[in-house]
Amino acid sequence: MQQEALCCTLEALADALPKRLDTLAAVQLANSLVPTLTQCYSMEEKEVFPLLRQSSATFEQTLERLHAEHIEDEDHAAILADAIFSFARAPSQGDAEALGYLLRGLFQPLRRHLAFDREVVFPLFRWALGG
């Protein structure tokens, strides 16, 4: 799963700060961050959410909350990507603690979101598909 791998990469970067920063890997991560989340969330919102809405109106509030989380995550990812680029350009002048906080502020909620998807959303999706 792309998001799980993304979380692991974000965590590895946070753990490497400030002394073991691989600037090339950091820049590659920053470049892929928003597109990866956008692709994953777009698929979920275009494929999964409509079928759940069609299956039952009781899911609407949950789907609205998940949509709001998607927007928040994408906004946080854009801020984080900028922070990674800045830190990679001048690590000695950057604030490793602040960057670590931003990194953890994305991958921890992403992992919670993924757990909810695995435990609730995807089983409901399979149910809605009739299987």
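Everything numeric here is computed off the predicted structure, so don't read it as measured data.
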**Q.** Backbone N/O of Ile71 and side chain of His76: donor-acceptor pair under 3.5 Å
**A.**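 No.
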Q: Output yes when a side-chain donor or acceptor of Ser32 lies under 3.5 Å from a complementary backbone atom of Leu29, and no otherwise.
A: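 The answer is yes, because a donor-acceptor pair under 3.5 Å joins these two groups.
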Between [atom1] on residue [X] and [atom2] on residue [Y], distance to nearest 0.5 Å:
{"X": "Leu33", "Y": "Ile79", "atom1": "CG", "atom2": "CD1", "result": "11.0 Å"}
{"X": "Cys40", "Y": "Asp117", "atom1": "SG", "atom2": "CG", "result": "10.0 Å"}
{"X": "Leu6", "Y": "Glu11", "atom1": "CG", "atom2": "CD", "result": "12.0 Å"}
{"X": "Leu106", "Y": "Cys7", "atom1": "CG", "atom2": "SG", "result": "7.0 Å"}
{"X": "Gln3", "Y": "Leu110", "atom1": "CD", "atom2": "CG", "result": "6.0 Å"}
{"X": "Asp95", "Y": "Leu102", "atom1": "CG", "atom2": "CG", "result": "9.5 Å"}

Q) Nearest heavy-atom pair of Ala81 and Ala30: which atoms, and what distance? A)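 Here Ala81 and Ala30 meet closest at CB-O, 3.6 Å.
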Q. Closest approach of Ala26 and Leu21, non-hydrogen atoms and distance?
A.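 Reported closest heavy-atom pair: CB-CD1, 3.9 Å.
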Q: Mind checking side chain to side chain contact (heavy atoms under 4.5 Å, CB included) for Leu103 and listing every partner two or more places apart, or none if nothing turns up?
A: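 With sequence neighbours excluded, Leu103 shows a side chain to side chain contact (heavy atoms under 4.5 Å, CB included) to Leu10, Leu13, Ala14, Leu17, Leu80, Ile84, Leu99, given in chain and number order.
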Q.
Here's a test for you: under side-chain hydrogen bond (donor to acceptor under 3.5 Å, both in side chains), which of Glu45, Glu72, Glu44 qualifies with His67?
A.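 Looking at Glu45, Glu72, Glu44, the match for His67 under the side-chain hydrogen bond (donor to acceptor under 3.5 Å, both in side chains) is Glu45.
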In terms of hydrophobic clustering (I, L, V, M, F, W, Y; side-chain heavy atoms under 4.5 Å; direct or indirect links), are [X] and [Y] co-clustered?
{"X": "Phe87", "Y": "Phe85", "answer": "no"}
{"X": "Leu37", "Y": "Val34", "answer": "no"}
{"X": "Leu129", "Y": "Leu52", "answer": "yes"}

**Q.** Glu69 bridged to Arg112 by N-O distance under 4.0 Å
**A.**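 No, no charged N to carboxylate O under 4.0 Å.
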Taking the side chain as everything from C-beta on, heavy atoms only, tell me whether [X] gets closer than 4.5 Å to [Y].
{"X": "Met43", "Y": "Gln2", "result": "no"}
{"X": "Ser55", "Y": "Phe125", "result": "no"}
{"X": "Glu74", "Y": "Thr38", "result": "yes"}

Q: Go through the steps for Glu64 and Arg53 under the test salt bridge (charged side-chain N to carboxylate O under 4.0 Å, His left out), then give the verdict.
A: CA-CA 11 Å; Glu64 289 300 319; Arg53 279 190 180 96; 3.3 Å; yes
(Q) Between Cys8 and Phe107, is the side chain to side chain contact (heavy atoms under 4.5 Å, CB included) condition met? List the steps. (A) CA-CA 8 Å; Cys8 290; Phe107 75 74; over 6 Å; no
Q: Would you check if the distance from the ring center of Tyr41 to the ring center of His113 is below 6.0 Å?
A: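 They qualify: ring centres under 6.0 Å apart.
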Q | Residue pairs, two or more places apart or on separate chains, that pass side-chain hydrogen bond (donor to acceptor under 3.5 Å, both in side chains) and touch residues 12-30 | A |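 Pairs touching residues 12-30 that pass the test: Asp15-Arg104.
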Q: Before giving the answer on side chain to side chain contact (heavy atoms under 4.5 Å, CB included), spell out for Phe116 and Thr62 the whole-Å C-alpha distance, their side-chain angles and the decisive distance to 0.1 Å.
A: CA-CA 11 Å; Phe116 187 80; Thr62 299; 3.8 Å; yes
(Q) With a sphere of 6.0 Å drawn around OH of Tyr101, does it hold more than 12 non-hydrogen atoms of other residues, nucleotides or ligands? (A)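 Check fails, neighbour count at 12 or below.
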Q | Listed partners of Phe49 passing ring-ring contact (aromatic ring centres under 6.0 Å, His included), at least two apart | A |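 Scan of Phe49 (ring-ring contact (aromatic ring centres under 6.0 Å, His included), adjacent residues dropped) gives His70.
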